[in-house]
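A short write-up of the structure that comes next.
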Number of protein chains: 2
Amino acid sequence: MRKKVTLKQLARELNLSISTVSKSLKNDPEISQKTINRVHELASFYNYKPNALAVSLKSNKTKTIGVILPEILNHFFAKALFGIEKEAAKNGYKIVTCITNESYQKEVEYVEMLNYSSVDGFIVALSQETQVLNELDHFKVLKRENVPVVMFDRVSDEIDCDKVIVDDKVASKNAMQYLIDTGCKRIAIVTTIGDISVAKLRLEGAREAAEANKDVSLINLEVKDTIIDLVEKESNAIENEIEKFLKENDLDAVLGLDETAAAITINISHKLGYKIPQDISVIGFTDGLLSKHSYPKLTTVSQHAEDLGAKAAEILLGHLVDDYDENYKTATEIVKTSLIVRESTK
Amino acid sequence: MRKKVTLKQLARELNLSISTVSKSLKNDPEISQKTINRVHELASFYNYKPNALAVSLKSNKTKTIGVILPEILNHFFAKALFGIEKEAAKNGYKIVTCITNESYQKEVEYVEMLNYSSVDGFIVALSQETQVLNELDHFKVLKRENVPVVMFDRVSDEIDCDKVIVDDKVASKNAMQYLIDTGCKRIAIVTTIGDISVAKLRLEGAREAAEANKDVSLINLEVKDTIIDLVEKESNAIENEIEKFLKENDLDAVLGLDETAAAITINISHKLGYKIPQDISVIGFTDGLLSKHSYPKLTTVSQHAEDLGAKAAEILLGHLVDDYDENYKTATEIVKTSLIVRESTK
DNA sequence: CTGAAAGCGCTAACAA
DNA sequence: TTGTTAGCGCTTTCAG
């Protein structure tokens with residue numbers, strides 16, 4: 001078993017002191033060029049790399065950011081993670097990812113664990129349960145210890161930190177307006193994620209658009225089920241509920257507040273013999289795989305998840321530089337959504 | 001800014017030496033119960049947690065495992081990651097995740113970076129490019145340094161390490177046989193992932209099943225496109241190619257070697273007015289979101305990605321215990337697949 | 001130009 | 001029962 005080479009060993013082989021070797025590796029001008037060359041040569045011969053742990057212990061920086069996500073089996077968060085990872089890698093940072101599975105308890109544990117592993121900062125999207133309980137002390141600790149946090153998508157007003165969100169309300173309003181503009185009058189909202197902050201905003205936006213057009217009626221179905229169940233189960237319960245709802249209501253459009261709701265609506269419509277978009281228009285949220293591979297393809301609100309993740313990472317990394325002002329004022333960045341019109345609307 | 005409390009501070013406040021405090025925290029029997037109690041009390045008052053970096057530097061263990069995935073915008077890998085994360089968390093391990101985006105270069109960089117961050121071990125699924133180039137020196141380095149590696153799904157014979165795979169050949173054979181058993185005779189194979197190891201195995205399996213039934217004919221379409229493009233683009237090119245293929249060939253079944261291929265086949269069939277499964281049966285691989293939310297729902301080979309990930313983690317963790325035998329013989333674990341019959345087959 | 005020494009926070013062998 | 005010391009690998013100040 002070959003062990004990793006250390007400064008000490010290089011120093012010994014070169015008959016130099018550890019500190020000289022260390023400085024040489026950094027091309028410190030106070031070291032002679034000749035020595036610097038000798039050191040570099042041997043170092044690259046052994047493929048020397050400084051031990052990251054030791055550097056971190058000394059510098060109190062790990063070049064690691066903790067990412068806490070509620071789910072990963074969800075295109076939106078997967079894509080955001082992708083954006084985060086890309087941005088982090090570009091700047092020589094690693095990410096350590098924890099998935100709370102929408103559990104408050106897990107979230108608390110992970111925040112603690114990562115904090116004690118000395119991550120340099122956090123990127124967080126809150127779990128559903130955390131949002132419902134509105135318990136955020138675990139983040140207040142970070143605040144007190146001055147660990148930078150950036151929240152995205154699932155954020156909380158209780159915590160004063162940088163945030164990156166999507167303007168869900170406007171997005172939803174626009175989507176609704178699009179349906180209205182294309183002649184839809186009896187529009188239903190279908191959601192399977194009623195509990196979380198973004199769904200509430202989306203609902204509000206849709207309401208506003210509907211209320212501004214007096215001949216439009218809005219019907220609301222909230223499928224009571226957690227997000228996790230949806231992904232894990234065959235989810236017939238949800239489908240049945242949506243089927244019943246579609247049969248009982250005479251609709252000409254559905255706005256799904258999440259991708260699954262929209263996808264299921266499309267499939268149930270087929271089953272019931274409704275033509276899309278002739279009989280019924282459908283719009284969804286989150287431009288994921290389901291939207292691209294449904295039939296017909298789904299018109300959808302794209303939240304630009306990757307950009308969102310990248311943006312969150314960018315902001316966090318900005319706080320990780322040396323000369324970071326402790327008393328700076330936090331900001332909330334709003335990433336614009338766009339309505340991607342495909343074939344499920346007129 | 002409140003800083004984290006250290007042993008030193010506890011020691012000072014208690015008028016004890018650092019080592020006494022350290023031992024007390026571990027309930028070392030050579031320390032008096034009284035002292036132990038005092039220490040514990042103050043420690044929990046300050047919510048003391050040992051600095052993970054220092055512990056790691058000392059012990060040469062980080063309680064972190066490096067996970068290298070080709071993609072994350074892919075249900076299979078996302079699910080595997082979920083399984084890994086769960087298993088790791090259960091054992092007090094963190095994971096640091098890197099996404100190669102199917103690039104060899106990135107894979108090399110990440111392996112190096114994580115190795116020099118002293119992860120305790122690796123869980124890897126090879127990138128497409130790595131498999132095509134068949135360049136695996138970056139893993140041989142790990143072998144030499146005795147860093148445990150477990151590969152899953154996308155593995156290589158060149159590397160002697162534990163592996164967790166799915167029996168793709170058998171799975172594919174069974175899927176094919178199922179089509180044959182339900183009366184299909186003119187069966188096509190559609191794939192968009194021809195380059196990677198698993199696709200080749202799946203193709204082989206399908207061939208074997210077809211050849212064993214002499215009245216069955218097999219037609220093959222390999223859509224030349226990388227996986228990444230598929231996910232990122234609207235991918236009309238692929239759809240057009242599949243559409244042309246379906247029109248030109250008189251088929252009664254399609255076996256998609258990846259989920260996307262199967263999902264697109266279903267949608268194109270709708271477009272062409274073919275009834276599923278009456279006119280054409282479809283089977284896919286990877287029981288992801290698309291399979292559950294297609295219409296009709298897709299009969300699919302489930303690779304049990306979560307179990308696969310969990311298994312890989314379990315094996316790796318087994319090597320991370322103290323008394324690990326250096327010269328143990330590596331093994332390849334095969335996770336059974338199952339055919340989930342839904343509505344896209346007779 | 002080079003080296004000795006202290007220290008990051010912790011553990012563990014050894015002394016007292 | 002408690003404390004001293006050395007050391008994990010590195011950086012950095014200060015001396016030589």
Side-chain angles (χ1 to χ4, degrees), chain A residues 1-40 42-43 46-64 113 115-120 145 322, chain B residues 1-40 42-43 46-64 113 115-120 145 322:
Chain A
M1 164 163 174
R2 198 174 71 177
K3 298 248 328 164
K4 273 170 212 166
V5 64
T6 67
L7 282 187
K8 199 185 196 170
Q9 294 162 53
L10 293 180
R12 192 150 20 99
E13 275 200 50
L14 292 163
N15 270 318
L16 289 170
S17 75
I18 292 177
S19 55
T20 304
V21 175
S22 173
K23 286 173 195 160
S24 301
L25 255 6
K26 306 201 152 40
N27 295 314
D28 191 317
E30 73 182 9
I31 305 290
S32 74
Q33 196 54 52
K34 188 160 149 256
T35 307
I36 290 189
N37 291 342
R38 280 180 67 217
V39 171
H40 269 106
L42 195 71
Y46 280 125
N47 192 23
Y48 169 81
K49 296 264 168 47
N51 178 317
L53 285 174
V55 174
S56 295
L57 182 59
K58 191 98 245 266
S59 66
N60 224 355
K61 300 205 163 138
T62 53
K63 287 258 179 188
T64 302
M113 164 168 122
N115 189 29
Y116 277 98
S117 313
S118 307
V119 295
D120 293 344
E145 293 190 3
D322 294 329
Chain B
M1 164 161 172
R2 198 175 70 177
K3 298 248 329 163
K4 272 169 214 168
V5 65
T6 66
L7 281 188
K8 198 184 197 171
Q9 293 162 54
L10 293 179
R12 190 149 20 96
E13 274 199 52
L14 291 163
N15 270 317
L16 288 171
S17 75
I18 293 177
S19 60
T20 304
V21 175
S22 172
K23 286 175 196 159
S24 300
L25 256 5
K26 305 198 154 43
N27 295 313
D28 191 315
E30 71 182 13
I31 305 290
S32 75
Q33 196 55 51
K34 190 163 148 251
T35 308
I36 291 188
N37 292 339
R38 282 178 65 215
V39 172
H40 270 106
L42 195 71
Y46 281 123
N47 193 22
Y48 169 82
K49 296 263 169 46
N51 178 316
L53 285 175
V55 174
S56 295
L57 182 58
K58 192 96 245 268
S59 66
N60 225 350
K61 301 208 161 134
T62 53
K63 286 254 175 194
T64 302
M113 163 167 122
N115 189 28
Y116 276 98
S117 313
S118 308
V119 295
D120 292 344
E145 293 190 5
D322 294 328

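Bear in mind that the values here come from a model prediction, so they are computed numbers and not experimental data. Every chain is numbered from 1 and lettered A, B, ... according to where its sequence line falls, protein lines coming before strand lines.
Distances shorter than 4.0 Å separate none of the side-chain N or O atoms of K58(B) from OP1 or OP2 on dG9(C). An OP1 or OP2 oxygen of dT1(D) is reached within less than 4.0 angstrom by no side-chain nitrogen or oxygen of T35(B). Distances shorter than 4.0 Å separate some side-chain N or O of Y48(B) from OP1 or OP2 on dC10(C). Note on K8(B): a side-chain N or O is less than 4.0 Å away from OP1 or OP2 of dC8(C). For K4(B) and dG9(C), the shortest distance from a side-chain N or O to OP1 or OP2 is not below 4.0 Å. Put simply, S59(A) has no side-chain N or O that comes within less than 4.0 Å of OP1 or OP2 on dC10(D). Taking side-chain N and O atoms only, S22(B) has a distance below 4.0 Å to OP1 or OP2 of dT11(C).
For L57(B) and I36(B), each mapped to the nucleotide of DNA chain D holding its nearest heavy atom, the one lying further toward the 5' end belongs to I36(B).
K26(B) has its NZ atom 16 Å from the P atom of dG9(C), to the nearest Å. Atoms CG (N60(B)) and C1' (dT11(C)) sit 13 Å apart, rounded to a whole Å. Distance D28(A) CG to dT2(C) C1': 11 Å, rounded to the nearest Å. K61(A) has its NZ atom 14 Å from the C1' atom of dC8(C), to the nearest Å. I31(A) places its CD1 atom 13 Å from the P atom of dA4(C), with the value rounded to the nearest Å. In this structure, Y116(A) places its OH atom 15 Å from C1' of dC10(C), rounding to the nearest Å. Straight-line distance from the NZ atom of K34(A) to the P atom of dC1(C): 11 Å, rounded to whole Å.
Contacts between residues 9-18 of chain A and DNA chain D, defined by a heavy-atom separation below 4.0 Å, involve I18(A), listed by number.
Between Y48(A) and L42(A) there is no side-chain heavy-atom pair separated by less than 4.5 Å. Looking only at side-chain heavy atoms (C-beta outward), L14(A) and T20(A) stay at 4.5 Å or farther from each other. I31(A) has its side chain out of reach of K26(A): every pair of non-hydrogen atoms, C-beta onward, lies at least 4.5 Å apart. Annotation: side chain of K4(B) is not in contact with side chain of T6(B) (no heavy-atom distance under 4.5 Å). When side chains are defined from C-beta on, L16(A) counts as touching R38(A), because their heavy atoms get closer than 4.5 Å.
Distances were taken from every side-chain heavy atom of L7(A) (C-beta onward) to each of dT11(D), dG9(C), dT2(C); the shortest belongs to dT11(D).
Counting non-hydrogen atoms under 4.0 angstrom, S56(A) reaches nothing in the nucleic acid. Within the 4.0 angstrom heavy-atom criterion, base atoms lie near T20(B).
In this structure, D28(B) CG and T35(B) OG1 are separated by 11.5 Å, a value rounded to the nearest 0.5 Å. Between the OG atom of S17(B) and the NZ atom of K23(B) there is a distance of 7.0 Å, given to the nearest 0.5 Å. Rounding to the nearest 0.5 Å gives a distance of 9.0 Å between CD of Q33(A) and NE2 of H40(A).
Across all non-hydrogen atoms, the minimal contact from T62(B) to S118(B) is OG1-O, 2.7 Å.
E13(B) and Y46(B) form a side-chain donor-acceptor contact under 3.5 Å, judged by distance and modelled atom types alone.
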Review item, nucleotides 13-16 of chain D N/O atoms under 3.5 Å of protein N/O:
{"from": "dT13(D)", "atom 1": "O4", "to": "K23(A)", "atom 2": "NZ", "distance (Å)": "3.4"}

